[in-house]
2 protein chains.
Amino acid sequence: MVTKQFSGSPDETDLRRADSLAREIFSDVANKWALLIIEALGDRTLRFSEVLKEVDGISHKMLTQNLRMLERNGLVERTVYPTVPPRVEYTLTEPGQGLRGTVHLMCDWTQQHLGHIEEARGRFPS
Amino acid sequence: MVTKQFSGSPDETDLRRADSLAREIFSDVANKWALLIIEALGDRTLRFSEVLKEVDGISHKMLTQNLRMLERNGLVERTVYPTVPPRVEYTLTEPGQGLRGTVHLMCDWTQQHLGHIEEARGRFPS
DNA sequence: CGGCATCCGGTTCGATACTG
DNA sequence: CAGTATCGAACCGGATGCCG
């Protein structure tokens, strides 16, 4: 958290910083792989290879990158068991769970509007 | 809509089609420009140039592409007034409004967790 | 004003191979 | 098993210019 010296309300610079941070996070999170990973994790704890199987179509590389990004933003927790072969588990943090709620709504919405969308596509272009 | 002859429950082929359609829609919609446009439109009706101003950082080209995509999926309605100079207005359809609800939750979530995320970033890598 | 085409640099992404 | 590195191919996205 930023040190806020004496002013009771955030100054303009703070607001601008918050804005750009918000946009950055939004850009991180609003991409299909991140959202699908979050949805796949759900409330479970999965190994790397398990997530790989769950999120279909994702490559090894994209999964690594996105998991790192989510970890960096504090949305997933990464646990390494120093065994051989190595075992690494991923789980959503509490804030991650919150985001998952919204993702889940988006998935529901998609399912519910498949028909409408398919019909709209048939009409396009008008 | 697909003709469903006589079976009461969808057969396997239908389900697989629905799945791939769902993924396609999700991929279309789960990208930051699409989501930001939806959020910007809200319940208003905006001209092309107004959306361009509202969604900050978006280029003319990306806006056109994404508006087309959203229109194709029946999420925004495009109205052309054959005046000179031309006037084109965009508004969310009812299904689009539904999606907007989930987008809005995502934006709220982002705002609420700015602090947590910033802190998590400070700790990374552990 | 809004839309489309073109160009082109930067980034993404998948495939592959290699490490611990 | 999980992660990293590298290398092309594909795509994204901005800039520009032209048309109705």
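Since this is a predicted model, take the numbers as computed values, not measurements. Residue numbers start from 1 in every chain, and the chains themselves are labelled A, B, ... in the order their sequence lines are given, proteins ahead of strands.
Of the candidates dT4(D), dA15(C), dG3(C), the closest approach to any side-chain atom of R68(A) belongs to dT4(D). Comparing dG3(C), dG3(D), dG20(C) against the side chain of V88(B) picks out dG3(C) as the nearest. With dG14(D), dC1(C), dG3(D) as the candidates, the nucleotide lying closest to the side chain of P85(B) is dC1(C).
OP1 or OP2 of dG3(D) lies within a sub-4.0 Å distance of a side-chain N or O belonging to Y90(A). Distances shown here put every side-chain N or O of R78(A) at or beyond 4.0 Å from the OP1 or OP2 atom of dA2(D).
Atom CD1 in I37(A) sits about 14 Å away from atom C1' in dC13(C), given to the nearest Å. The CG-P distance, from N66(A) to dG3(D), rounds to 13 Å in whole Å. The separation between L67(B) atom CG and dG3(C) atom C1' is 11 Å, rounded to whole Å. Between W33(A) atom CH2 and dT12(C) atom C1' there is a gap of 12 Å when expressed in whole angstrom units. Whole-Å rounding puts the D28(A) CG to dT12(C) P distance at 11 Å. Distance, K61(B) NZ to dC4(C) P: 13 Å, rounded to whole Å. In this structure, E89(B) places its CD atom 17 Å from C1' of dG3(C), rounding to the nearest Å. Rounded to whole Å, atom C1' of dG14(D) lies 12 Å from atom CD1 of I58(B).
Checked against salt bridge (charged side-chain N to carboxylate O under 4.0 Å, His left out), R78(B) has no partners two or more places apart in sequence or in another chain.
Using a cut-off of 4.0 Å between Lys/Arg side-chain N and Asp/Glu carboxylate O, D28(A) and R68(A) are scored as not salt-bridged.
If you check every strand for non-hydrogen atoms under 4.0 Å, Y81(B) touches nothing.
Residue-to-nucleotide proximity on DNA chain C shows that, of P86(B) and M62(A), the 5′-proximal contact is made by P86(B).
For H60(A) against dG14(C), a side-chain-to-base donor-acceptor contact under 3.5 Å is absent.
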- Test side chain to side chain donor-acceptor pair (under 3.5 Å) applied to N31(A) and N31(B), step by step: CA-CA 5 Å; N31(A) 81 70; N31(B) 82 69; over 6 Å; no
- Task: Step by step, work out the side chain to side chain donor-acceptor pair (under 3.5 Å) result for R100(A) and Q97(A).
- Result: CA-CA 5 Å; R100(A) 181 195 162 214; Q97(A) 287 290 342; 3.3 Å; yes
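Scanning residues 45-54 of chain B for heavy-atom distances under 4.0 Å to DNA chain C yields R47(B), F48(B), S49(B).
For H116(B), the NE2 atom counts as densely surrounded, since its 6.0 Å shell holds more than 12 non-hydrogen atoms of other residues, nucleotides or ligands. At most 12 heavy atoms of other shown residues, nucleotides or ligands fall within 6.0 angstrom of atom CD in E77(A).
Every pair passing ring-ring contact (aromatic ring centres under 6.0 Å, His included) that includes a residue from residues 17-63 of chain A is listed here, sequence neighbours excluded: F48(A)-H60(A).
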